[in-house]
S.K.: 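What follows is a single structure, and I will ask about it in a moment.
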There are 2 protein chains.
Amino acid sequence: MRADAKRNYDRIVEVAREVFRDQGYDASLDEIAKRAEVGPGTLYRHFPKRENLLDAVMQSWVDRVHETTDKALTHEGSDRELLLNWFEEYVALISQHKGGPAKITSAMGNPDSPIMTKCQVLSEANGRVIERLGEHNALRDDVDVIQVCRLVGGVATVADQAGLDADAVRPMLEVLADGLMR
Amino acid sequence: MRADAKRNYDRIVEVAREVFRDQGYDASLDEIAKRAEVGPGTLYRHFPKRENLLDAVMQSWVDRVHETTDKALTHEGSDRELLLNWFEEYVALISQHKGGPAKITSAMGNPDSPIMTKCQVLSEANGRVIERLGEHNALRDDVDVIQVCRLVGGVATVADQAGLDADAVRPMLEVLADGLMR
DNA sequence: ACCTGAACACCGTTCAAGT
DNA sequence: ACCTGAACACCGTTCAAGT
């Protein structure tokens with residue numbers, strides 16, 4: 001990649017991260033191009049679909065997912081508390097930007113999505129937690145990782161779109177945790 | 001209301017019902033106006049916000065909600081089966097149009113939404129089922145009607161946006177049902 | 001090879017003119 | 001009182017011209 005191309009690429013991603021944070025995932029691409037001081041064509045050259053830009057923005061967020069999962073697995077307390085705590089972290093992880101929970105959760109399990117690799121990161125994180133609880137025989141034996149992603153993602157999506165706070169989300173996650181445990 | 005106004009109102013709603021069914025809730029209002037053979041201003045006069053049009057389109061659907069609830073309450077079988085069967089009907093009811101589950105579920109509990117009365121119909125329907133199961137002491141005593149609407153609506157939203165079929169939805173509803181029962 | 005920015009298409013929304 | 005449709009603003013997307 002040529003030096004000026006890389007410079008533009010980085011500027012666009014940096015600006016997009018700010019704009020998505022402030023205005024959500026449906027923010028105007030035109031404004032992102034303007035703020036990054038590039039023509040709209042340049043943005044399209046680097047990111048043919050909006051989701052390609054989302055994927056680039058989420059790149060720096062992968063590390064945080066791993067850290068959060070590591071930390072959740074060291075949780076002291078009952079299996080139920082561990083699971084519940086993880087679900088809250090999961091909701092927080094995918095709710096960084098308005099509109100994020102819906103986009104991420106609907107892409108989950110779709111191999112053609114531009115954000116597929118990010119979905120895999122989340123799916124694997126969930127897998128680690130489920131596996132740990134599986135060692136204790138704490139979960140139903142028919143639980144599917146992707147189903148759990150969709151269930152918790154569904155709660156996050158509703159919370160995001162209805163503007164619910166953590167206090168309103170918690171009891172819903174409790175229902176999920178109870179429904180998933182033996 | 002003047003005769004020509006009523007005629008236009010009815011035409012718009014009729015056309016909108018078809019277009020929403022074919023293209024989902026995000027269909028172009030311009031196209032609806034064109035197909036109904038009215039100017040865009042006429043559509044805006046009758047329906048200042050898109051959701052006012054949704055509300056009018058959903059009017060004829062209220063009867064079906066009541067019928068479906070009546071039928072679900074006569075279900076022979078265990079409490080769990082009754083609840084599960086009702087959840088499946090609920091998902092079907094709010095999934096008539098693409099984009100519907102998200103709009104309806106995020107409006108749930110918001111008194112300012114133009115589709116508030118439709119949300120109340122759904123909430124009351126859920127209340128009747130919960131009350132019935134409450135008589136048998138089958139449910140946790142801390143379940144809130146609106147939480148149930150959000151949980152089942154969240155599953156419906158994810159299914160709608162990811163294009164999942166009934167077979168993929170069922171196990172998720174089972175988790176919800178199990179999590180809600182004692 | 002990459003960028004620019006004019007140009008196009010589409011959509012929501014408003015409002016002056018008309019009946 | 002209601003309708004019409006031109007007009008405006010905004011946005012995504014493309015592509016010929018330029019470096």
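Please read these numbers as outputs of a predicted model, since none were measured by experiment. Below, chains carry the letters A, B, ... as their sequence lines are ordered, and counting in each starts from 1.
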S.K.: So does K71(B) pair up with E67(B), basic N to acidic O under 4.0 Å?
M.R.: no
S.K.: Which of the following nucleotides, dC2(D), dT4(D), dC2(C), is nearest to the side chain of A5(B)?
M.R.: dC2(D)
S.K.: Just compare dC3(D), dT14(C), dC2(C) and give me whichever is closest to any side-chain atom of R45(B).
M.R.: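 Within the option list, the nearest is dC3(D).
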S.K.: Pairing check on dA17(D): which nucleotide meets the Watson-Crick or G-U wobble criteria with it, both distances under 3.5 Å?
M.R.: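 Checking every strand shown, dA17(D) finds no partner, since no pair has both distances under 3.5 Å.
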S.K.: Which whole-number value in Å describes the distance from I12(B) CD1 to dC2(D) C1'?
M.R.: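 So the two atoms are 12 Å apart, to the nearest Å.
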S.K.: Would you kindly give the NE2-to-P distance between H46(B) and dC2(D), to the nearest whole Å?
M.R.: 8 Å
S.K.: Between Q23(A) (CD) and dC11(D) (C1'), how many Å, whole number?
M.R.: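 Atom-to-atom, Q23(A) to dC11(D), this comes out as 13 Å.
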S.K.: In terms of hydrophobic clustering (I, L, V, M, F, W, Y; side-chain heavy atoms under 4.5 Å; direct or indirect links), are M116(A) and M108(A) co-clustered?
M.R.: no
S.K.: Would you say the side-chain atoms of K98(A) and Q23(A) include a donor-acceptor pair closer than 3.5 Å?
M.R.: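 Not at all, the side chains of K98(A) and Q23(A) share no donor-acceptor pair under 3.5 Å.
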S.K.: Find the distance R7(B):CZ to dC3(D):P and express it as a whole number of Å.
M.R.: 9 Å
S.K.: What integer distance in Å separates Y44(A):OH from dT4(C):P?
M.R.: 16 Å
S.K.: Checking side-chain contact (heavy atoms from CB on, under 4.5 Å) against V152(A), which of L180(A), L176(A), L122(A) comes through?
M.R.: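 For V152(A), the side-chain contact (heavy atoms from CB on, under 4.5 Å) check succeeds only for L176(A).
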S.K.: With both distances under 3.5 angstrom, what nucleotide forms a Watson-Crick or G-U wobble pair with dA9(C)?
M.R.: none
S.K.: Whole Å only: how far is the CG atom of L53(B) from the C1' atom of dT13(C)?
M.R.: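 Rounding to the nearest Å, CG of L53(B) and C1' of dT13(C) are 15 Å apart.
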S.K.: Regarding T42(B), tell me which of base, sugar-phosphate or nothing describes its non-hydrogen contacts under 4.0 Å with the strands shown.
M.R.: base
S.K.: Any side-chain N or O of N8(B) below 4.0 angstrom from OP1/OP2 of dC2(D)?
M.R.: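 Negative; the distance criterion is not met.
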S.K.: For D10(A) and dC2(C), what is the distance between atoms CG and P respectively, to the nearest whole Å?
M.R.: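 So the CG-P distance, D10(A) to dC2(C), works out to 14 Å.
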S.K.: Taking only N and O in the side chain of S28(A), is any of them less than 4.0 Å away from OP1 or OP2 of dG12(D)?
M.R.: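 Yes.
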S.K.: On the 0 to 90° scale, with breaks at 30° and 60°, tag the Y25(A)-F20(A) ring pair as parallel, tilted or perpendicular.
M.R.: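 The arrangement is perpendicular - the two ring planes meet at more than 60°.
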S.K.: What is the separation between atom CZ on F47(A) and atom P on dC11(D), rounded to the nearest whole Å?
M.R.: 20 Å
S.K.: Report the residue (R2(B) or P40(B)) whose heavy-atom-nearest nucleotide on DNA chain C is the more 5′ of the two.
M.R.: P40(B)
